[in-house]
Amino acid sequence: MPEAVETLDGWYMLHDFRQVDWTAWKKASTEEREQAISELNHLMASWQDVESDKLGSFGFYTVVGHKADLLFLNVRPTMEELTELETALNKTKMAEFFTQPYSYVSVVELSTYMAQGKDPDTDPEIQARLKPILPKWNHVCFYPMDKRRDGEDNWYMMSKEDRGKLMYTHGMTGRKYAGHVRQIITGSQGLDDWEWGVTLFAHDTLQFKKLIYEMRFDEVSARFAEFGSFYIGHRKEREELEKVMHV
Ligand code: VOV
């Protein structure tokens, strides 16, 4: 009989995509621009401090293509903290030059299909995965996804055992990319428009394509995966904000 697999849930994650109104930004005075940059720099510094205190994590990225220009990626123990930091960003001078074309809220999730009898509350490896510090790798790839519910291809009508077998093969494909791609899977049933968020990190953007293409042939992706839009970003240091915004 189909039944839910127990999930381990960790920190909450907000993917906050912003688009810059470059026309308005260019029209702003030098003082206004300097003020906006310095204020946002301060805010990002406070997010880095949270990461240093191991109470969350933060990444700043430029985004390629028309879907967004910037990504602020924050991870926190509670969703309220995410709401607060998003509001703090909205209150900055810089936000007067931003629109928010997309955002995604979800919670770091580990399924227990392959549970090895470890105590999740004390096992350091599990704890580190549930409360992730974002890898300082060059590139990020984000997309939301569902598991299909259509006729014979209904993930939610399959037994836990059969789902577990498919997830095992999925994991084996993923493991081939160790050292090239790291993944953070977040659950978003009831939190956002899709069922999961997939956030991948790589040193080389081509590795995203290779991994995702190869996974398409795994039964779990071939039969059951439905995908939303894909976003690719490049990691920037906070200090690079000035260069990113220079006009
Ligand atoms: C670096 C690559 C990589 C690796 C090693 C990896 C491994 C694993 C393992 C071992 C497990 C199960 C245990 C757990 O940790 O939850 C998962 C779980 C999951 N994955 Fe994955 N995945 C990767 C990568 C990876 C990708 C690229 C995708 C997108 C699929 C695609 O076709 O585009 C994905 C999706 C998921 C999802 C949605 C889940 C949860 C499904 C559920 O029903 O609960 N994943 N994943």
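For this chain, numbers begin at 1 and follow the sequence in order. As the structure lists them, so they are numbered: ligands from 1, and atoms in each ligand from 1.
Near Phe227, with a cut-off below 4.0 Å to any heavy atom, the atoms of ligand 1 are 31 (C), 32 (O), 33 (O). Near Val181, meaning under 4.0 Å from any of its heavy atoms, are these atoms of ligand 1: 1 (C). Within ligand 1, counting atoms from 1 as listed, the ones closer than 4.0 Å to a heavy atom of Lys147 are 41 (C), 42 (C), 43 (O). Every atom of ligand 1 is numbered from 1 in the order shown, and the set under 4.0 Å from a heavy atom of Leu110 is 15 (O), 16 (O). Those atoms of ligand 1 that come under 4.0 Å of a heavy atom in Arg175, given as number and element, are 5 (C).
Among Leu166, Thr112, Asp218, Ile185, the residue whose heavy atom lies closest to atom 35 (C) of ligand 1 is Ile185. Of the candidates Glu109, His170, Gln183, it is His170 that places a heavy atom closest to atom 45 (N) of ligand 1. Counting only non-hydrogen atoms, the option in Met215, Glu195, Arg216, Met114 that gets closest to atom 24 (C) of ligand 1 is Met215.
Of the protein's heavy atoms, Trp196 NE1, 3.8 Å lies nearest to atom 40 (C) of ligand 1. For atom 2 (C) of ligand 1, the closest non-hydrogen atom on the protein side is Gly174 CA, 3.5 Å. Protein heavy atom nearest atom 30 (C) of ligand 1, with residue, atom name and distance: Met145 SD, 3.8 Å. For atom 33 (O) of ligand 1, the nearest protein heavy atom (residue, atom name, distance) is Tyr143 OH, 2.6 Å. When hydrogens are left out, the protein atom nearest atom 16 (O) of ligand 1 is Ser111 N, 2.7 Å; that is the closest non-hydrogen contact. Among all non-hydrogen protein atoms, the one lying nearest atom 18 (C) of ligand 1 is Met167 CE, 3.3 Å.
For the 3.5 Å distance criterion, the side chains of Thr7 and Glu109 fail to qualify, holding no donor opposite an acceptor. Side-chain atoms of Asp218 and Thr173 include a donor-acceptor pair closer than 3.5 Å. A donor-acceptor pair shorter than 3.5 Å can be found between the side chains of Arg238 and Asn41. Of the N and O atoms on the side chains of Ser229 and Tyr143, not one donor lies less than 3.5 Å from an acceptor on the other residue. At a cut-off of 3.5 Å, with distance as the only test, a side-chain donor of Ser106 or Thr186 sits close to an acceptor on the other residue. Between the side chains of Ser103 and His15, no donor-acceptor pair is found at a separation under 3.5 Å. Counting only N and O atoms by type, the side chains of Thr83 and Glu80 include no donor and acceptor under 3.5 Å apart.
Contact annotation: Tyr168 has no heavy atom less than 4.0 Å from any atom of ligand 1. Ligand 1 is never approached by Tyr177 to a heavy-atom distance shorter than 4.0 Å.
If you look at Ser221 next to ligand 1, the close heavy atoms, those under 4.0 Å, all belong to the side chain. The proximity of Arg129 to ligand 1, defined as any non-hydrogen pair under 4.0 Å, is limited to the side chain.
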Discussion item. Go through it in stages, so that I can follow the logic: the residues are Arg18 and Phe97, the test is side chain to side chain contact (heavy atoms under 4.5 Å, CB included), and I'd like the CA-CA distance, side-chain angles, deciding distance and then a yes or no.
Written reply: CA-CA 10 Å; Arg18 302 281 171 148; Phe97 304 94; over 6 Å; no
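Gln183 is not listed as a side-chain neighbour of Val198, based on a closest heavy-atom distance of 4.5 Å or more.
Looking at ligand 1, you won't find any N or O of Arg182 less than 3.5 Å from one of its N or O atoms.
Here the closest non-hydrogen pair linking Gly56 and Ile133 is O-CD1, 3.5 Å.
Between the CE atom in Met145 and the CH2 atom in Trp194 there is a gap of 9.5 Å [rounded to 0.5 Å].
Taking 4.0 Å as the cut-off between side-chain N and carboxylate O, Arg163 and Glu3 do not count as a salt-bridged pair.
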